[in-house]
Chemist: 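This is the structure, below, for whatever I ask next.
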Amino acid sequence: MALTRGRARTAPAVPSACFLLLLLLLLTSSSLLAAPTSGRAESGGGSVLGDASSSSGKARGDSCEELQSISGGEARCAYLRAQNSPCSPAGYVDYLRLFYCAFAGAPAAAACAALALWLAVLFYLLGDTASEYFCASLEGLSAALRLPPAVAGVTLLSLGNGAPDVFASVVSFASGDDGGGGVGLGSALGGALFVSTVVAGAVALAVGARGGAVVEWRGFVRDLCFLLLALCYLLAVLVHGEVTVWVAASFVSLYVGYVVLVWTSHCCTEKGKPAADSLSAPLLLDDDDDVGDVVPSLPSHTKTEASSTATSRVIATLHCLAAALCMPLYLPRRLTIPDIAGHRWSRPYAVASAALAPVLIAVTWSSQRHNPTSWHGLAVLVGGALLGLLLAALAAATTDASSPPRGRRRRVPWLAAGFVMSVLWAYTLARELVALLVAIGYVAGIKPSVLGVTVLAWGDSLGDLVSNVAMAVHGGPGGAQTAVSGCYAGPLFNTVVGLGLSLALAAGAQHPAPFAVPVDAAAYEAVGFLGAALAWALFVVPVRGMRIDRVYGVGLIAIYLCFFAVRVSETLGLWS
C-alpha cells in the first residue's frame, strides 16, 4: 500500500517554490493593476509578443480578439483598463492586465517565464488534487457502495483518472466565450488523441522490447468500437455546428450503454468466480506501518548503518526546508477537504476541514453569485461559518484520534464531503488553468483551441503516460492488458462524459435555443487523426494475432507526429 500511494503523498518542492515566488509577485503587483499607467515604459512588455500577435484575425465586438490588432504594450494596457473592455478575466486573476500593465517594466522573457511557472503550478495542483483527494473519495465510495470491480472501473475510477480533463472541459464551456469553449473542445480531443497514440505507442514499445504481449480481443475491440462510435457522433455534432440539451444527453448515454455492456460481460465471464477484492480497501484500512503524514515529506530511505551526525543534520534540514516549501500547496487543501484515508488520518485536520469546508463553499458561492461585501454575500458567509462550527463540534465528538471513522454509516458522510470539496478545488483550479491558457493565447497570438489541443492535452495526459507504461512493464502478465485498455477506455470516458456533460450544461444554459459549438480546423484535424489511429489499431492488432508490439506502437506515434507537424505548420503560417 505504501507503494501505491507513495507518489501522491510526496509533493515536489519546485512547484511550491514557484508558488511562493509567484504569489509574492501577484501580491506586489496588485497595487500596480489598480494604479494609472502614468506613462510607464510598457513597450518593453508588449513589443516582442505584440508584433507577433498583431497579424491575427479580425476583431469581434464580443471577444478579446481586438486586443491583438492593437500594437504596443502601453496601448494594450490602456485598452484593458477601459471600463467597456471585453477582455474580462475568466478566472480570479486578470492575466492580460498582469502581463501588459504590472509586468510593463520587466523584460518580456521574464513575464513569459512567470506565466509559464504559474501554468506548471496549476497543472501540478490540478493533477495532485485529482489523484490525492478526488480519486481517494471515489474509491472509498465504490467500496462503501459495494460496486462490482468492473463497473467501478468504468464509472467511479474512470471519473477519478479523467478528472482533470473533465473539469477543464466543463469549466471552459462554462466560461461563456469562444476562447474557453475552444480550449475545452481542443483539450478533450487532443487528450484523447495523445493517449490513444503516444501513450498507447509507448506502452507497445515498452512491451515490444520484452517480446510483446497478447491482449484479450473482446475487450480490445469493444473499447475501440465504442470510441470510434463516439467519435462519429461527435463529428456529426461538429459538422452541424449546434447542439441541444437532448442531443448532448444522448451523446452521454453512449457511455451508459458502454457501462451496461461491460457489466453484462463481467457477469457472464465472472459467474462462479470469487468476488474481487475491494478497489479501495488500502485507502480505508488503518496501517501501523504507514502513519499519516502531517505535511508532505521527502521519501524516506532506511539505512542499515547509522549515519554520521553531520549527515543526519543535513537530511533533517533538507526535510524541514522541503516541508516548508510544500506547505503553501498542501495546507489549504488539507484544511478544507475532509480526508479519512488511513495513511493520512489526522483528527485535528478532520475537525479543521469540517469547520472550514462550509466557509470555502460560502466564499466561492458569494463571489460567483453576489458581491461578497453586500448583505446577501455577508449572510452567506455568516451562515457558512456557523455551519462550519456546528460540523466541527460534531466531528470532534464522533471521531477518534487514533483511527479514521469505521463502518459504512460513519464513512459515507466523510467520503461524500471529501468528494464535494475535491470537486470544488478541482473546478476552481481548472477554471484558473483555462483562463491562463486563454490569456496566453491572446498574448502570443495563438488560438486558444490550439493550446487546448496541445499544451493542456499534454499536461493532463502525462500521468497516463507514466502510469500506463509502468503498468505494462511492471504489472505482471495482465499489466499489458490493463495498460492498453486504459489507453482507450480513458479517452472514451473523457470524450463522451467530459464533452457530453460540457455540451449539455452549455446547451441547458441557452435552452430552448441551441448552443453553437466553437469548432475550428484544429478540432476536425484531431478527429481525423484520432479516427486514423483507431483504424490502424483495429487493423494491425488483429492481423498480428492480437499481439501488442513495436509495429503497432511505431504506427501510432507516427500518426501523432503527423498531426503535430500539421498543427505547427498552421500555427507558423506555413500551411493555410
Chemist: Under the criterion side chain to side chain contact (heavy atoms under 4.5 Å, CB included), I'd like the reasoning laid out for Asp339 against Tyr133: C-alpha separation, chi angles, the key distance, then a yes or no.
Modeler: CA-CA 7 Å; Asp339 186 10; Tyr133 299 102; 3.9 Å; yes
Chemist: Decide yes or no for Trp425 and Pro332: does some side-chain heavy atom of the first lie under 4.5 Å from some side-chain heavy atom of the second?
Modeler: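 Yes; the side chains approach each other to less than 4.5 Å.
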Chemist: Salt bridge (charged side-chain N to carboxylate O under 4.0 Å, His left out) for Arg333 and Glu132? Distances and angles first, verdict last.
Modeler: CA-CA 10 Å; Arg333 293 175 295 162; Glu132 185 84 354; over 6 Å; no
Chemist: Taking C-beta and beyond as the side chain, do Phe251 and Val237 meet within less than 4.5 Å on heavy atoms?
Modeler: no
Chemist: Scan for side chain to side chain donor-acceptor pair (under 3.5 Å) pairs involving residues 214-239, sequence neighbours excluded, and state none if there are none.
Modeler: Asp223-Tyr258, Tyr233-Ser250
Chemist: So, do Leu530 and Ser196 sit near enough that their side-chain heavy atoms are less than 4.5 Å apart?
Modeler: yes
Chemist: How are the rings of Phe563 and Tyr560 set to each other: parallel, tilted or perpendicular (split at 30° and 60°)?
Modeler: tilted
Chemist: What's the separation between atom CD1 in Ile559 and atom CG in Leu193, rounded to the nearest 0.5 Å?
Modeler: 8.5 Å
Chemist: Leu122: what forms a side-chain contact (heavy atoms from CB on, under 4.5 Å) with it, not counting sequence neighbours?
Modeler: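 Expected list: Tyr95, Trp118, Leu429, Glu432, Leu433, Leu436.
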Chemist: At what distance, to the nearest 0.5 angstrom, does OG1 of Thr129 lie from CG of Leu424?
Modeler: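 Here the interatomic distance stands at 10.5 Å.
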Chemist: After noting the C-alpha distance and the side-chain angles of Leu556 and Val198, does the key distance pass the side chain to side chain contact (heavy atoms under 4.5 Å, CB included) rule?
Modeler: CA-CA 7 Å; Leu556 292 178; Val198 176; over 6 Å; no
Chemist: Answer yes or no: is there a side-chain heavy-atom contact under 4.5 Å between Leu189 and Leu234?
Modeler: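 Of all side-chain heavy-atom pairs linking Leu234 with Leu189, at least one is under 4.5 Å.
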Chemist: According to the side chain to side chain donor-acceptor pair (under 3.5 Å) rule, which pairs have a member within residues 496-506, sequence neighbours left out?
Modeler: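 Residue pairs with at least one partner in residues 496-506: Ser169-Ser502.
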Chemist: To check you understand the geometry: which heavy-atom pair defines the closest contact between Ala248 and Gly500, and what is its length?
Modeler: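 Result for this residue pair: CB-O, 3.9 Å.
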Chemist: First locate atom CZ of Phe226, then atom CG of Leu492, and finally report the distance between them rounded to the nearest 0.5 Å.
Modeler: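 Taking CZ in Phe226 and CG in Leu492, the distance rounds to 8.0 Å.
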Chemist: In Å and rounded to the nearest 0.5 Å, what is the OH to OG1 distance from Tyr255 to Thr495?
Modeler: 10.5 Å
Chemist: Can you tell if the side chain of Thr428 reaches within under 4.5 Å of the side chain of Tyr92, non-hydrogen atoms only?
Modeler: yes
Chemist: Would you say the side chain of Ile440 lies within less than 4.5 Å of the side chain of Cys112, judging by non-hydrogen atoms?
Modeler: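 Cys112 vs Ile440: side chains apart.
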Chemist: Could you measure the distance from the CZ atom of Arg550 to the CG atom of Leu205? Nearest 0.5 Å is fine.
Modeler: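 One gets 7.5 Å once the value is rounded to the nearest 0.5 Å.
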Chemist: I'd like to know whether Val517 forms a side chain to side chain contact (heavy atoms under 4.5 Å, CB included) with Glu242, so could you lay out the CA-CA distance, the side-chain angles of the two residues, the decisive distance to 0.1 Å, and finally the verdict.
Modeler: CA-CA 6 Å; Val517 182; Glu242 294 180 342; 6.0 Å; no
Chemist: Within the structure provided, determine whether Asn494 and Leu499 are in side-chain contact (heavy-atom separation under 4.5 Å).
Modeler: no
Chemist: What residues form a side-chain hydrogen bond (donor to acceptor under 3.5 Å, both in side chains) with Arg544, not counting sequence neighbours?
Modeler: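 With neighbours one apart ignored, the set is Asp549.
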Chemist: Can you run down the side chain to side chain donor-acceptor pair (under 3.5 Å) pairs that involve residues 524-538, sequence neighbours left out, and say none if there aren't any?
Modeler: Glu525-Arg567
Chemist: I want to check something: taking the side chain as every heavy atom from C-beta on, are Ile557 and Thr197 in contact at a cut-off of under 4.5 Å?
Modeler: no
Chemist: Which pair of non-hydrogen atoms, one from Thr244 and one from Pro514, has the smallest distance, and what is that distance?
Modeler: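 Here Thr244 and Pro514 meet closest at CG2-CB, 4.1 Å.
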Chemist: Would you give the length of the straight line joining atom CG of Leu227 to atom SG of Cys487, rounded to the nearest 0.5 angstrom?
Modeler: 11.5 Å
Chemist: Could you tell me which residues satisfy side-chain hydrogen bond (donor to acceptor under 3.5 Å, both in side chains) with Ser485, sequence neighbours excluded, listed by chain and number?
Modeler: Gln481
Chemist: Locate the shortest heavy-atom distance separating Phe220 from Ala537; write the atom from each residue and the value.
Modeler: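 Looking at all heavy atoms of both residues, the closest pair is CE2-O, 3.9 Å.
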Chemist: Can you name the nearest heavy-atom pair linking Ala523 to Leu238, along with the distance?
Modeler: CB-CD1, 4.4 Å
